[in-house]
Amino acid sequence: MKKWVLSLSLAAGVIGLAACGNNGDVVVKTKSGNVTKDELYEAMKDKVGDQVVQQLVLEKVLSDKYKVSDKEVDKQVDQTKKQLGDQFEMALQQAGIKDEKEFRNNVKLGLLQEKAATKDLKITDKDIKDYYANSIKPDIKASHILVADEKTAKEVEAKLKKGEKFEDLAKKYSTDGTAQKGGDLGWFNTGKMDPTFEAAAYKLKVNEVSEPVKTQFGYHIIKKTGEKDKAPLDDKMKKEIKEKIKASKVDQTKLAEVMKKEIKDAKLDIKDKDLKKSFDNVLNSDTSSSTSKK
């Protein structure tokens, strides 16, 4: 999902601290002195105030004009979880995201931005048919044997050529969770697997076994075990393709241009003097050159 200038690690509630209770309310007590909401607000405002107020304002401005359903957010979150698997929680930590709830908030904001940036794009029937013909592939089913190094992969490949069963070798050699299932990965489509793995799997015929394929996870030997008919180009498929084409046409420059317009249309009036310049980088950016090419 394409993002604008926002940091995913921001806590959306920081600026709201000032509105909760009196400024002198104590949030932390110590024998050496207390920390009040006012002190916390001022300290956090100095560190991340500009970024957080941008996020909060954008959420309100965009939510007022565009709608993102829980179902849409669920779809994006579930897709990310499937892609990352056991690495999901670690990926959140590395991105500075507190938990799944914060990640969902970021996904929702990203979808709102995407809708704002794509609302005027015109997608023709020809665009949809071309995308369907060139980019939509059938579901396939595959198994793999994943090992850490090329030497072991070559060893497994040699055993396969001698007639040893793929499933037995997967149970013996594979280093991931599919080993006990004989390497079975189930059914999948494009965008679900590592791109290199995916490209190799789709090139195979049913029951054909690949040479060792190197990815970021190690060396795979892939066996394609099934292929379904390509999904029909029905109304549901057309809608999905339309959204994919729209998303592909939006880059960072386009997003910045649209967000600038949305903020201007919202009649922004920042009351806190310390945050007056929070949107300077947005409102004073020059997008005229990109606009003229659209």
Side-chain angles (χ1 to χ4, degrees), residues 1 71 73-95 97 99-100 103-104 107 131-234 236-237 240-241 244:
M1 183 188 307
K71 187 176 180 180
V73 175
D74 290 341
K75 183 178 179 180
Q76 289 285 349
V77 173
D78 290 344
Q79 183 176 332
T80 302
K81 282 184 170 181
K82 286 180 181 178
Q83 289 176 333
L84 294 174
D86 295 339
Q87 304 299 313
F88 178 71
E89 295 294 338
M90 183 181 296
L92 292 189
Q93 293 176 10
Q94 291 175 345
I97 301 173
D99 50 28
E100 186 174 328
F103 178 65
R104 289 181 62 86
V107 168
Y131 189 97
Y132 177 78
N134 299 321
S135 301
I136 299 299
K137 296 183 179 181
D139 287 352
I140 64 172
K141 188 178 183 182
S143 297
H144 78 152
I145 302 171
L146 174 63
V147 296
D149 56 80
E150 187 175 14
K151 180 181 178 181
T152 307
K154 291 291 186 181
E155 180 183 334
V156 173
E157 183 182 29
K159 289 178 180 291
L160 286 168
K161 288 180 178 179
K162 288 180 180 179
E164 294 193 38
K165 288 186 178 181
F166 190 98
E167 294 76 8
D168 293 340
L169 291 172
K171 290 177 181 179
K172 181 178 179 180
Y173 285 93
S174 203
T175 60
D176 73 339
T178 68
Q180 295 308 309
K181 299 186 295 181
D184 182 25
L185 293 163
W187 292 93
F188 59 90
N189 203 295
T190 55
K192 303 298 183 182
M193 300 291 183
D194 175 274
T196 303
F197 179 98
E198 179 184 293
Y202 267 99
K203 287 180 181 178
L204 297 173
K205 297 177 181 178
V206 175
N207 292 322
E208 185 179 4
V209 177
S210 74
E211 297 178 346
V213 176
K214 184 180 180 181
T215 73
Q216 59 182 314
F217 303 106
Y219 287 82
H220 310 254
I221 296 176
I222 308 165
K223 181 179 181 180
K224 187 174 181 178
T225 56
E227 181 171 328
K228 295 181 179 180
D229 291 334
K230 191 172 179 177
L233 187 57
D234 54 16
K236 180 181 179 182
M237 176 64 75
E240 290 179 359
I241 290 175
K244 288 180 179 179

Which atom pair, heavy atoms only, marks the closest approach of [X] to [Y]?
{"X": "F166", "Y": "I221", "answer": "CZ-O, 3.4 Å"}
{"X": "S174", "Y": "A179", "answer": "O-CB, 3.7 Å"}
{"X": "K244", "Y": "Y131", "answer": "CD-OH, 3.6 Å"}
{"X": "D234", "Y": "M237", "answer": "OD1-N, 2.8 Å"}
{"X": "G182", "Y": "S143", "answer": "O-CB, 4.0 Å"}
{"X": "Y219", "Y": "P212", "answer": "CD2-CB, 4.5 Å"}

Within a strict 4.5 Å, meaning less than it, do heavy atoms of the [X] and [Y] side chains meet?
{"X": "N207", "Y": "K223", "answer": "yes"}
{"X": "T215", "Y": "H220", "answer": "yes"}
{"X": "Y132", "Y": "I241", "answer": "yes"}
{"X": "D194", "Y": "Q216", "answer": "yes"}
{"X": "V213", "Y": "T196", "answer": "yes"}
{"X": "L185", "Y": "T178", "answer": "yes"}
{"X": "K159", "Y": "Y173", "answer": "yes"}
{"X": "L146", "Y": "F197", "answer": "no"}

Near [X] [atom1], under 6.0 Å, is it more than 12 heavy atoms from other residues, nucleotides or ligands?
{"X": "K230", "atom1": "NZ", "value": "yes"}
{"X": "D78", "atom1": "CG", "value": "yes"}
{"X": "E240", "atom1": "CD", "value": "yes"}
{"X": "D86", "atom1": "CG", "value": "no"}

Nearest 0.5 angstrom please: [X] [atom1] to [Y] [atom2], how far?
{"X": "T80", "Y": "R104", "atom1": "OG1", "atom2": "CZ", "answer": "11.0 Å"}
{"X": "E157", "Y": "K154", "atom1": "CD", "atom2": "NZ", "answer": "5.0 Å"}
{"X": "L169", "Y": "I145", "atom1": "CG", "atom2": "CD1", "answer": "5.0 Å"}
{"X": "Q87", "Y": "Q93", "atom1": "CD", "atom2": "CD", "answer": "10.5 Å"}
{"X": "Q79", "Y": "D74", "atom1": "CD", "atom2": "CG", "answer": "12.5 Å"}
{"X": "I136", "Y": "L233", "atom1": "CD1", "atom2": "CG", "answer": "9.0 Å"}

Open item on the list: Under a plain distance cut-off of 3.5 Å, with no hydrogens placed, do D176 and H144 share a side-chain donor-acceptor pair?
Closed with: yes
TODO: For residues 161-172, pull every pair meeting side-chain hydrogen bond (donor to acceptor under 3.5 Å, both in side chains), keeping only residues two or more places apart or in separate chains.
DONE: none
Open item on the list: Can you see whether Y202 has K137 sitting over its ring - NZ or CZ less than 6.0 Å from the centre and within 45° of the normal?
Closed with: yes
Open item on the list: Just to verify, what does E100 make a salt bridge (Lys or Arg N to Asp or Glu O under 4.0 Å) with, not counting sequence neighbours?
Closed with: K81
- [ ] Ignoring hydrogens and angles, tell me if any N or O in the side chain of T152 forms a donor-acceptor pair with the backbone of V147 under 3.5 Å.
- [x] no
Open item on the list: If you apply the rule side-chain contact (heavy atoms from CB on, under 4.5 Å), what do you find for K224 with V209, and how did you get there?
Closed with: CA-CA 7 Å; K224 187 174 181 178; V209 177; over 6 Å; no
Open item on the list: Taking the six-membered ring for Trp, are F88 and F103 closer than 6.0 Å centroid to centroid?
Closed with: yes
